[in-house]
Amino acid sequence: MTSFTLHSNILQLFVIVIITIISAISSFSHKMNNHSEIFFWSSAYKNSKKYSSTLSQYDYRVIIFGGSTVRSSYIPTLFEEKFSIPLVNYGIHAGIDGKIITQLAFDNIKSGDVVIVALEPSFLSGGPINTNVGIDFFVNQKGLDFSQNSFFSINLIDLHDCLALDARYQIYRFIKKITKMKPYRYTVSQNLHNDGWMEVKEKRPIPQHFSRKVKGKRLSNYGREILTKIKKNCDSLECEVYYTLPTMYYQNTNNIYENATLLRDIIEIMPIVKDGMFGNNPNSSDFSDTEQHPLKQGAIKASNSLGYALVRKSFWTKEEINELILLGIENDVYVKE
């Protein structure tokens, strides 16, 4: 190989590397700044942080977090005005994954706060949700330093998606643009309040509920890991910590027994708020586009139910949960295993 050929190959390799780096930087910048879903949830997260700063007259705050069920169900200004509870809502789109949602909430928790874990039962009885948008959203909020995270870790190999465009999302976005559809079904101007509450206004048909036998949910290894770590971190911060079932509409009226078996596992780790709705609003007319997102009247009901429980310091006992499970067995609502 001649010297000229060697230099030419080195130059070509150098050019390829430079182009790859430029492309990666451009893709990263585009994803961080032009992803409508990330933009919306980033705005919601920032609104919660801003609202939290207005509660300086209180010695503590109540931090509640979970998926979008939480973000759309609990109205911070209602808690303050009606119950004098300084609640900050850090609910985030469930597809971001429970550990990342938890980490972002704990980045805002201070010593003496009251922490309410409202991760949906499907999170705690299932496994991790490995979606690209979760990593992208975390990077959008916190940057590339993953070394300080107590709830999750990411290998460098997992970051490749941040440096490449999501072709499917871009095609979907392009189709929406030419058909003049909203780039994302929620927008900051129409759905997001200054206190961080996500008001969902679009009404879609919700299937009517029906009864069937259920297989009781149990706490998975993934759910146990999250809750155990949350309790440990709250103890170190001298924070009270509780779990509450976020309020949804269930098609199956026997879900109360399905969730009771999950609560039996959770109460071994942390106390559980005895919310009068037990995580279920049976009125489909109170819900909007999914069984997890209430309309305004549904959000008011969920907020009032949790607010009264907190004011009254109402918590489940192990005996009450066991009695509920026994009642389910007596009524033959459980699938025989």
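Keep in mind it's a predicted model, so treat the numbers as computed, not measured.
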Side chain proximity check, [X] to [Y], heavy atoms < 4.5 angstrom:
X      : Y      : value
Glu120 : Met248 : yes
Phe137 : Ile92  : yes
Leu104 : Lys142 : yes
Ile325 : Tyr257 : no
Tyr90  : Ile63  : yes
Lys301 : Asp286 : yes

[Y] and [X] side chains, donor-acceptor separation under 3.5 Å:
X      : Y      : answer
Glu202 : Ser288 : no
Ser48  : Asn89  : no
Asn254 : Glu258 : no
His293 : Ser68  : yes
Thr247 : Asn280 : no
Ser72  : Glu199 : no
Lys82  : Asn304 : yes

**OP:** Kindly indicate, with the supporting measurements, whether the criterion ring-ring contact (aromatic ring centres under 6.0 Å, His included) is fulfilled by Phe138 and Phe152.
**Re:** CA-CA 11 Å; Phe138 184 85; Phe152 75 102; 5.0 Å; yes
If you count heavy atoms of other groups shown closer than 6.0 angstrom to [atom1] of [X], is the number above 12?
X      : atom1 : value
Asn331 : CG    : yes
Lys50  : NZ    : no
Asn194 : CG    : no

**OP:** Give the intermediate values and the outcome of side chain to side chain donor-acceptor pair (under 3.5 Å) for residues Asn221 and Glu225.
**Re:** CA-CA 6 Å; Asn221 290 335; Glu225 178 189 356; over 6 Å; no
Original post:
So, for Tyr308 and Phe83, is the gap between ring centers shorter than 6.0 Å?
Top reply: yes
**OP:** List the steps, then state whether salt bridge (charged side-chain N to carboxylate O under 4.0 Å, His left out) holds for Asp113 with Arg61.
**Re:** CA-CA 5 Å; Asp113 285 342; Arg61 297 154 312 152; 2.4 Å; yes
**OP:** Classify the ring geometry between Tyr186 and Tyr184 as parallel (under 30°), tilted (30 to 60°) or perpendicular (over 60°).
**Re:** perpendicular
Subject >> Parallel, tilted or perpendicular, as decided by the 30° and 60° cut-offs, for the rings of Tyr249 and Phe287 >> reply: tilted
**OP:** Determine the sole option in Val62, Ile64, Val115, Val273 for which the side chain to side chain contact (heavy atoms under 4.5 Å, CB included) test with Tyr242 is passed.
**Re:** Val273
**OP:** Using side chain to side chain contact (heavy atoms under 4.5 Å, CB included) as the criterion, point out the one residue from Thr317, Leu262, Ile272, Asn322 that pairs with Ile267.
**Re:** Ile272
Subject >> Check ion pair Asp332-Lys213 (N to O, under 4.0 angstrom) >> reply: yes
**OP:** Rounded to the nearest 0.5 Å, what's the gap from CD1 on Ile100 to CG on Asp136? Could you check?
**Re:** 9.5 Å
Subject >> Closest contact, heavy atoms only, Phe315 versus Lys313 >> reply: CD1-O, 3.3 Å
Subject >> For Lys217 against Thr261, the heavy-atom pair lying closest together >> reply: O-OG1, 2.7 Å
**OP:** Determine, stepwise, if the pair Trp316 / Phe278 fulfils ring-ring contact (aromatic ring centres under 6.0 Å, His included).
**Re:** CA-CA 10 Å; Trp316 286 94; Phe278 202 79; 5.2 Å; yes
